[in-house]
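Heavy-atom basis, side chains included; hydrogens, waters and symmetry copies ignored. Every chain is numbered from 1 and lettered A, B, ... according to where its sequence line falls, protein lines coming before strand lines.
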There are 2 protein chains.
Amino acid sequence: MVSLPPATAGNNVNNKTSLVARLLSWLKDTLKKLNRNVDRITTITKKLAMDDPRRVIHSMKVGLALTLVSLFYYLQPLYDSFGDSGTWAVVTVVVLSEFTVGATLGKGLNRVMATLTAAGLTVGTHHLAILCNKVGEAVVIGLFVFIIGATSTFLRFFPIIKAQYDNGLLIFILTYSFITISGYRGETNIIETAHMRLSTIVIGALICLLINIFIFPVWAGEELHNSVALNMEKLAHFLEGLGALCVKLTKVEDNSKDENKSSSQAYKSVLNSKHMEEMLANLARWEPRHGHFMYRHPWNQYIKLGGLTRQCAYKIDSLNAYFNHDGEISQSFEEEMREACTKISLESSKTLKELGSCLRAMTYPSSLVNAHILRSKEAMESLKTYIKSTSLNSDDQLLQMVPIVTIAFLLIDIVDYTEKIAASSNDLAALANFDMVKVIKSSVIVYPEVSFNEAIEQVSGVDCSRILIVDTD
Amino acid sequence: MVSLPPATAGNNVNNKTSLVARLLSWLKDTLKKLNRNVDRITTITKKLAMDDPRRVIHSMKVGLALTLVSLFYYLQPLYDSFGDSGTWAVVTVVVLSEFTVGATLGKGLNRVMATLTAAGLTVGTHHLAILCNKVGEAVVIGLFVFIIGATSTFLRFFPIIKAQYDNGLLIFILTYSFITISGYRGETNIIETAHMRLSTIVIGALICLLINIFIFPVWAGEELHNSVALNMEKLAHFLEGLGALCVKLTKVEDNSKDENKSSSQAYKSVLNSKHMEEMLANLARWEPRHGHFMYRHPWNQYIKLGGLTRQCAYKIDSLNAYFNHDGEISQSFEEEMREACTKISLESSKTLKELGSCLRAMTYPSSLVNAHILRSKEAMESLKTYIKSTSLNSDDQLLQMVPIVTIAFLLIDIVDYTEKIAASSNDLAALANFDMVKVIKSSVIVYPEVSFNEAIEQVSGVDCSRILIVDTD
């Protein structure tokens, strides 16, 4: 045997140490990376749970429903009567476990109706098919599956059906093909099978529904209601910031301006709220009476109100662009103009905030809304007069004036929209039988320029006939 | 027997005739109503089919896939090897039959991965559970189902997971609970069952996928690509109409104005395109290389480009409001102003149209784009100079001028956006390795004021290094 030269042996040892060292450092790095990733995921998880604790509750509810439905297998008497059909209850629970009650109910009703229709059609197809011989039966079944599959798939393109019955049609195709095709090899009684499956599906759906409705329910209707109110409040928040910006700009505080800017950009989410609102309204239609919401609550009116709020948000977005592009614009505001713009911003902000909180409280828009609209309109008139009365001499002034006047015009548009939103809120209150407002007279004292009755009577478009006046003096 | 008095008999006959008459008229009405409804449904159906004939093809494809998968039951050798597991192939086909390839592939991959993971975990749970006695087994299984069900449900709230793996997690929960729970009563071998189900699911998915990819495929990526291009063209169409409106208004033709208005309102759908584009981009990520689209095609860049187009649409919406509210605004346009606005509208329209058609053709933005941008910028400069040089004396003029100047400012913004859209299109072309443009020199002769090289070199933000110049003279 040849002994290794010492150098090579040393090399080997060196190699080994370096290999171990590299392995160790790799392990360290990996652990560090893993640690960072775990930290990141923990942070996201915490944030998701803190932002909306109902998510955690929903997850627990799904776990509970699954555990409950597994009793079909664990308990001998239940297993004896349902056998392997219990799996259908499991499938139903998983598929129906949606976040909102509306989604679960919609899917559940769709599922039951679809299964019933499909079962009926299957029995028909089966009776027709067994009139032929075995090959003919296969042809008839194949033909029916093709025709019904293709037709139902095409029906899913109809917008009305897509919005409310898409899931039902999917289940219909599924159940029909499933039972019809497997019925061809029907060792078991097809009606018996259909019956067993239907009852387990109904039981699964009931378990899911009861848990969803009675343990911390999340109602799609309430979500829509709150989201429309929140959107108004977001716009109000922006306008409040804008008003503050106009006031502060005489002192030219740039830092606070930036702060204000970032905190009031929440309105941007309103621009893209259409899809979400329509989806929630579709789900809400399935929900029964709950809390202050009736079965046929006017969900369409929420879509209209949300649409107006969104259009107002477009105006606000245009307005925002002027403050983003040219920070110096606002500094050339003249005192009178500045005052009017500030007043419009603040009053419109208060209008929207009040409308939002009235909507949240499910009452008619309060008389404060009218007072604020009235005051913003006054400011608007003085703004118009001011623009009319301003005479310009130098050319520079025109270029300086135009953005300012545009801002003024946009603010005027916003006043229009707040009035429309108020009228639409009022329509909603009438359609949904909202409570009358209890106005505490003394609370109006903060607006001394406008008398209370004036405030109520002068603003058109808002029906104040249902306002109860409670005098606390 | 008592014979009826003649009067009563006559009455009876009268009653009978009137009953028959009423029945007949009711039948007639019902038939008419039915006829009307059938007509209405036929019209909607025809419209749906004509608007996008791929809908009809898709429906046929689903029917075909269902018929094919039913061979699992009709053919003896197939039934002998798979037995009732063939139903899983049917379920898979129904669930995976989506309109776009991306949706089918995404769902399919999610389904297969989810089933594999769930099957693995099930085997683990099963091995752990059988260590206990029968009651302990039920408790262990129940506990695991609860924990895994709740955790997976919570994971579905993570935005990244929701966008791409939501369906996978649903299937994971479904399969895991399904197999684990039914495994408790395992008369059959659990691994055998899992294996059989997995293979039928894979076969079902393959049938669905092959039909979806090889028979008139609809690619989500192509849809996204075309929809972004179409949105640009919609904006172009509005601006073209606006330009025409500006020109025509000297002749004050109100009818043609109305016509133009309704036909150019298509841009409004761009305002709410965000959700659709993001969904298509998510689906497109699943799609393999097809046509000119690579596997890792820069779908994110489409989102950016779509976002810029949408922001431009917001500006256009503001612009539109001025023409909606005050028809008379445009009549007070002065000649020089009118000319500049017309030029900006038309040139921006041509820019967007050209960008749209270059995107459709998958080429770099052509030099025509640069020429149009250059010309719109020229018009913008002359507009700015005009606004600066205009001196105002009377107060009325200011109020008249402001909306016009605002329109001018909005048009200037739109020029900015078209330039940004062009730059973003260029980025997309670079990222996606689009073809170089073959510019036929003689086609530029229509723009005699701007020399060809000037057009290519002067406009910043658009990289023209890849433009091939083909001289046809």
Side-chain angles (χ1 to χ4, degrees), chain A residues 44 48 55-56 58-60 62-64 66-67 69-70 73-74 79 84 86-87 90-91 94-95 97 138 141-142 145-147 149-151 153-154 157-158 170 173-174 177-178 181-182 184-185 272 274-275 314 317-318 321 387-392 395 398-399 401-403 405-406 409 413, chain B residues 44 48 55-56 58-60 62-64 66-67 69-70 73-74 79 84 86-87 90-91 94-95 97 138 141-142 145-147 149-151 153-154 157-158 170 173-174 177-178 181-182 184-185 272 274-275 314 317-318 321 387-392 395 398-399 401-403 405-406 409 413:
Chain A
I44 299 176
L48 277 173
R55 289 171 178 152
V56 182
H58 171 67
S59 307
M60 307 287 250
V62 175
L64 179 65
L66 280 175
T67 313
V69 88
S70 58
Y73 277 82
Y74 303 155
Y79 187 71
D84 275 326
T87 49
V90 178
V91 174
V94 175
V95 175
S97 288
I141 291 178
V145 167
F146 179 85
I147 293 172
T151 316
T153 306
F154 188 76
F157 287 113
F158 282 71
L170 186 75
I173 305 173
L174 188 71
S177 327
F178 192 92
I181 295 174
S182 62
Y184 178 73
R185 295 278 177 183
N272 291 308
K274 188 177 157 75
H275 173 76
Y314 290 151
D317 197 44
S318 304
I387 296 173
K388 268 186 199 160
S389 67
T390 309
S391 57
L392 295 171
D395 309 335
L398 174 65
L399 256 195
M401 279 303 286
V402 166
V405 177
T406 308
F409 274 38
D413 280 346
Chain B
I44 299 176
L48 275 174
R55 288 172 179 152
V56 182
H58 171 68
S59 307
M60 308 287 250
V62 176
L64 180 64
L66 280 175
T67 314
V69 89
S70 57
Y73 277 82
Y74 303 155
Y79 187 71
D84 276 326
T87 49
V90 178
V91 174
V94 175
V95 174
S97 288
I141 291 179
V145 167
F146 178 85
I147 293 172
T151 316
T153 306
F154 189 75
F157 286 113
F158 282 72
L170 187 74
I173 305 173
L174 188 71
S177 329
F178 193 90
I181 295 175
S182 64
Y184 179 74
R185 295 279 177 182
N272 291 308
K274 188 178 157 75
H275 174 77
Y314 290 151
D317 196 46
S318 303
I387 296 174
K388 268 185 198 160
S389 67
T390 308
S391 57
L392 296 171
D395 310 336
L398 174 65
L399 257 196
M401 278 302 286
V402 166
V405 177
T406 307
F409 274 37
D413 280 346

Quiz item: Checking A/Y314 against chain B: side chain, backbone, both or neither under 4.5 Å from a heavy atom?
Solution: side chain
Exercise. Quick one: list whatever passes side-chain contact (heavy atoms from CB on, under 4.5 Å) with A/S59, sequence neighbours left out.
Key: B/A150, B/T153, B/F154, B/F157
Self-check item: A/F146: partners by side-chain contact (heavy atoms from CB on, under 4.5 Å), with sequence neighbours left out
Solution: B/M60, B/L64, B/T67
Practice problem: Can you measure from CG (B/L66) to OG (B/S97) and round to the nearest 0.5 angstrom? | Solution: 6.5 Å
Exercise. Answer with side chain, backbone, both or neither: which region of A/I141 has an atom nearer than 4.5 Å to a non-hydrogen atom of chain B?
Key: both
Quiz prompt | Between B/I44, B/I173, B/L170, B/L48, the one whose heavy-atom pairs under 4.5 Å with chain A are most numerous | solution = B/L48
Exercise. Count the heavy-atom pairs under 4.5 Å between each of A/V90, A/D317, A/I181, A/V91 and chain B, then report the option with the highest count.
Key: A/I181
Exercise. Please examine the side chains of A/V94 and B/F178, heavy atoms only from C-beta on, and report whether any two atoms are closer than 4.5 Å.
Key: no
Quiz item: Given the options B/V69, B/T151, B/T87, B/V62, which has more heavy-atom pairs under 4.5 Å with chain A than any of the others?
Solution: B/T87
